[in-house]
There are 2 protein chains.
Amino acid sequence: MLLSYTEENYLKALLKITFDSGVEKVGTNELASALDVKPATANDMLKKLKEKMLVDYKKYGKINLTSEGKKIAIEIIRKHRLWETFLYQKLEFSWDEVHEVAEQLEHIQSQKLVDKLDKFLAYPEFDPHGDPIPNSKGEIKVYHKKTLSEMTPGTTCTMVAVKDNSSPFLQYVVKVGLGINNEIKIISIQEYDLMMVIEVNGQRSTVSQKFAENIYIVNK
Amino acid sequence: MLLSYTEENYLKALLKITFDSGVEKVGTNELASALDVKPATANDMLKKLKEKMLVDYKKYGKINLTSEGKKIAIEIIRKHRLWETFLYQKLEFSWDEVHEVAEQLEHIQSQKLVDKLDKFLAYPEFDPHGDPIPNSKGEIKVYHKKTLSEMTPGTTCTMVAVKDNSSPFLQYVVKVGLGINNEIKIISIQEYDLMMVIEVNGQRSTVSQKFAENIYIVNK
DNA sequence: AAATATTGTTAGATTAACCTAACTTTGTAT
DNA sequence: ATACAAAGTTAGGTTAATCTAACAATATTT
Ligand SMILES: [Mn+2]
Ligand SMILES: [Mn+2]
Ligand SMILES: [Mn+2]
Ligand SMILES: [Mn+2]
């Protein structure tokens, strides 16, 4: 089935919302705001996607991807993350620059291109942000449940991924001396506003709770 | 200036027509048929491109790209040919498969991507079809004026490029044992229908005039 | 120079993706 | 249980890119 660029973005957004929020109670407003359109617009598209049997929903009910819809969404995420890896590893892009371009490249239609790119990159498992790349069968390892904000003072953890992919956030992460696989020591947490003092390779920084919620970690 | 995918294709088509036909008297019908739309549609788009000062034309007159329009068209051709080279050299695509995918990739908007891709490929001068790749300043070497159909029996030449980029033609070229930089010996030409007997690496084949018109060559 | 053929233009319609404004349904708080 | 707020839907409209059908201008042929 051939989908438009726009339709693909709706499917991808639906999947990402369920990934990020954990729950799968996706609503029209939430979907619309993720795509930066008005709820009325999202509603129109939902009718079309329902017609194409890619989403499952009824008036005033919750939205779910069908298995076909989910399959397509995963394929788009696979392409997105493979392209990000290509840009980062082969073309010397920095990790805060890859996302924007991958947003375009993920819509290129060519099964052969995806397969060959995957091979060229030696079947990478993670993208530059630490997110798992679905394999050619559409299987994704679901990782990172825990964020830096859940850690307690005195403990140490390893950063495995970032939740926010925006350029400003990623540049901030670099400024703090952080990157994928770095060790983070939690020095202290301010009771009042949950500001956290962390140490990375000897460099101490104070970061906000919002910042800490966007760093995925695993325990040491 | 941000152009739509469609607008870019009109500019590219205008430039390609003047390249291929030599003359720059491009008309509405010709443009429409190159883009596989109806003349009425092309006419609407011409008004829009004129408004944006990318083409120069008046009612019932001939169509010309402005220098700005030409600059953009060359940039798209540059991207197209760089992507074809990437697919061919790095991803093991065959030369009859690259064009279709490059038609999509040429519309990706990122100056950095183009520059880095060019560097990654070591600043290639020709694409897999032998066509020159415009450099970052938009300069193109205009090559291939002569085709195999202009050769006479007993002479020898070297194939430098193909005019037709379609998959069936390119597969036929391979079947005849031909490729870029191969030597072609013209054995004989049939007076009646201009069929040509050629020899490539010891392999003799009879090819039509239409075939011969789509092979660019230089004299030995 | 007329007649005819070719080429180019206009008018009016359609579809996809968006919008605003008004309305309806569902959920929450008094 | 009612009232209010939040979420979701519908109606009607816009723009970009396409179409068909009718018309107008230009080019070619007799
Ligand atoms: Mn991304
Ligand atoms: Mn990523
Ligand atoms: Mn091509
Ligand atoms: Mn080419």
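No hydrogens, no waters, no symmetry mates; every other heavy atom, side chains included, goes into these values. Letters A, B, ... are given to chains in the order of the sequence lines, protein chains preceding strands, and every chain is numbered from 1.
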Chemist: Determine yes or no for a side-chain-to-main-chain donor-acceptor pair under 3.5 angstrom, with A:Thr85 supplying the side chain and A:Arg81 the backbone.
Modeler: yes
Chemist: Kindly give the heavy-atom pair with the smallest separation between A:Leu54 and A:Ile72, and that separation in Å.
Modeler: CD2-CD1, 3.8 Å
Chemist: Can a donor-acceptor pair be found between the side chains of B:Asn64 and B:Lys70 at a distance below 3.5 Å?
Modeler: no
Chemist: When you get a sec, tell me which of D:dC19, C:dC19, D:dT10 is the closest nucleotide to the side chain of B:Val37?
Modeler: D:dC19
Chemist: Is the shortest side-chain N/O distance from B:Tyr60 to OP1 or OP2 of D:dC23 below 4.0 Å?
Modeler: no
Chemist: Contact class for A:Ala40 (heavy atom, under 4.0 Å): base, sugar-phosphate, or nothing?
Modeler: base
Chemist: Under 4.0 Å between a side-chain N or O of B:Ser4 and OP1 or OP2 of D:dA16?
Modeler: no
Chemist: Within the structure shown, what part of the strands sits under 4.0 Å from A:Tyr10 by heavy-atom distance: base, sugar-phosphate, or nothing?
Modeler: sugar-phosphate
Chemist: Compare side-chain N and O positions of A:Lys59 against OP1 and OP2 of D:dT10 and report whether any pair is under 4.0 Å apart.
Modeler: yes
Chemist: If you pin A:Met45 and B:Glu30 to their nearest nucleotides in DNA chain C, which one's is more 5'?
Modeler: B:Glu30
Chemist: Using OP1 and OP2 only, check whether a side-chain N or O of A:Thr28 sits under 4.0 Å from D:dT9.
Modeler: yes
Chemist: Look at the side-chain N and O atoms of B:Lys38 and state whether any lies under 4.0 Å from the OP1 or OP2 oxygen of D:dA21.
Modeler: no
